[in-house]
Amino acid sequence: MIKNILRLYFIMGSMNTQENDPLDVLEKALQGGVTCFQLREKGVASLQGQEKYSFAEKCMKLCQTYHVPFIVNDDVELALALNADGIHIGQEDEAAALVRKKIGPEKILGVSVHNVEEAFLAQKAGADYVGIGPVYTTSSKEDARIPAGTKVIEQVAIQYPNLPIVGIGGLTEGNLVPVIRAGGAGVALISAIASSQDPRNQAKQLRDKIEQVLEKE
Ligand SMILES: Cc1ncsc1CCOP(=O)(O)O
Ligand SMILES: C=C1C=NC(C)=NC1=N
Ligand SMILES: [Mg+2]
């Protein structure tokens with residue numbers, strides 16, 4: 001069930017782990033209990049071409065070892081070439097309906113949305129879930145929009161109760177509860193785990209917190 005994999009959705013690229021080895025950070029996050037992983041290799045220091053492909057392949061193999069879905073951000077061709085479990089696209093990427101056609105009905109399709117209208121269109125195009133944010137300020141996305149809090153999550157959850165939502169943007173163990181209360185099935189994040197000196201324990205604490213809040217829902 002899609003909602004279950006959205007609980008603790010770790011996102012990372014090779015540029016997010018400072019001096020630590022990204023594959024080591026990913027393995028620790030998987031051991032700590034992340035429920036989904038998205039490779040988001042973009043921006044100034046991102047890997048390209050063959051380097052990007054082999055890094056992505058190593059990430060996918062790690063996810064397979066831990067039976068965690070492996071999602072590729074933006075790059076549909078890379079997702080298809082690797083036979084990834086899914087793809088996540090933003091409003092400025094390829095149209096969701098076209099991507100759904102390319103990847104087929106079985107793969108996971110996630111779409112970033114910023115309002116109810118975009119959520120409606122994403123669901124119509126066949127999205128399995130929508131990512132809504134930034135909830136709080138973030139330093140992990142250069143062109144992030146103004147933080148919206150959990151307002152849009154609430155609006156979309158009310159309008160489309162069957163559309164799984166994951167909140168994103170500046171999320172930490174201390175501020176994630178409102179995302180679940182607003183109707184999020186889980187939280188997507190980068191730095192809370194990728195910048196942690198103990199990614200495994202950080203992932204475990206986040207997972208425990210999310211499970212605790214979901215049980216009360
Ligand atoms: C990809 C993305 N989309 C909205 S905010 C963001 C970055 C989230 O990173 P962090 O969890 O470190 O704030
Ligand atoms: C921008 C994004 C929003 N949501 C998710 C899950 N991933 C992203 N890359
Ligand atoms: Mg994108």
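As the structure lists them, so they are numbered: ligands from 1, and atoms in each ligand from 1.
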Exercise. Shortest non-hydrogen contact from Ile193 to Val34?
Worked result: CD1-CG1, 3.7 Å
For this session: Measure the distance from atom 11 (O) of ligand 1 to every protein heavy atom, then report the residue, atom name and distance (to 0.1 Å) of the closest one.
Result: Ile190 N, 2.8 Å
For this session: Report the relative orientation of the aromatic rings in Phe37 and Phe10; use parallel for angles under 30°, tilted for 30 to 60°, perpendicular for over 60°.
Result: tilted
Problem set entry | Test side-chain hydrogen bond (donor to acceptor under 3.5 Å, both in side chains) applied to Ser14 and Lys52, Arg40, Glu41, Glu51, the passing residue | Glu41
Exercise. Hey, which N, O or S atom on Asp93 ends up closest to the Mg ion (ligand 3)?
Worked result: OD2
Seminar exercise, completed: The atom of Asp74 among N, O or S that is nearest the Mg ion (ligand 3) is OD1
Exercise. Atoms of ligand 2 less than 4.0 Å from Asn73 heavy atoms?
Worked result: 9 (N)
Exercise. What residue and heavy atom of the protein are closest to atom 7 (C) of ligand 1, and at what distance?
Worked result: Thr138 OG1, 3.6 Å
Problem set entry | Atoms in ligand 1 with a heavy atom of Leu189 nearer than 4.0 Å | 11 (O)
For this session: Taking only heavy atoms of Ser191 into account, list the atoms of ligand 1 that are under 4.0 Å away from them.
Result: 10 (P), 11 (O), 12 (O)
Problem set entry | Among Gln212, Lys204, Gln205, side-chain hydrogen bond (donor to acceptor under 3.5 Å, both in side chains) partner for Asp208 | Lys204
Exercise. Is there at least one pair of N or O atoms, one from Ala188 and one from ligand 1, spaced under 3.5 Å apart?
Worked result: no
Seminar exercise, completed: Numbered in order shown, the ligand 2 atoms found under 4.0 Å of a heavy atom of Val166 are 6 (C)
Problem set entry | Beyond-backbone contact of Asp93 with Val111, side-chain heavy atoms, under 4.5 angstrom | no
Problem set entry | N or O contact, Ser140 vs ligand 1, cut-off under 3.5 Å | yes
Exercise. Does Lys141, backbone or side chain, put an N or O under 3.5 Å from an N or O of ligand 1?
Worked result: no
Problem set entry | Polar contact flag for Arg40 and ligand 1 (N/O pairs, less than 3.5 Å) | no
Exercise. Does the Thr150 side chain pair with the main chain of Ile153, one donor and one acceptor, at a distance under 3.5 Å?
Worked result: no
Exercise. For Gly170, is at least one N or O under 3.5 Å away from an N or O on ligand 1?
Worked result: yes
Seminar exercise, completed: ligand 2 to Tyr9, heavy atom cutoff 4.0 Å, flagged ligand atoms 6 (C)
For this session: Applying salt bridge (charged side-chain N to carboxylate O under 4.0 Å, His left out) between Glu94 and each of Lys101, Arg100, Lys102, report the one that passes.
Result: Lys102
Exercise. By number and element, which atoms of ligand 2 are closer than 4.0 Å to a non-hydrogen atom of Gly131?
Worked result: 4 (N)
Exercise. Which atoms of ligand 2 have any heavy atom of Ser112 under 4.0 Å away?
Worked result: 1 (C), 2 (C), 3 (C)
Exercise. Applying a 4.0 Å heavy-atom criterion (strictly less than), which segment of Ala144 is in contact with ligand 1: side chain, backbone, both, or neither?
Worked result: neither
Problem set entry | Gap between atom SG of Cys59 and atom CD1 of Ile71 - 0.5 Å precision | 13.0 Å
Exercise. Is Lys107 paired with Asp85 through a side-chain N to carboxylate O contact shorter than 4.0 Å?
Worked result: no
For this session: Provide, to 0.1 Å, the distance between atom 9 (N) of ligand 2 and the closest protein heavy atom, together with that atom's residue and name.
Result: Gln38 OE1, 3.0 Å
Exercise. Any salt bridge between Lys28 and Asp198, counting N to O under 4.0 Å?
Worked result: no
Exercise. Looking at atom 5 (C) of ligand 2, what's its closest protein heavy atom, distance included?
Worked result: His88 CE1, 3.2 Å
Exercise. Do side-chain atoms of Tyr129 reach the backbone of Ile108 as a donor and acceptor pair under 3.5 angstrom?
Worked result: no
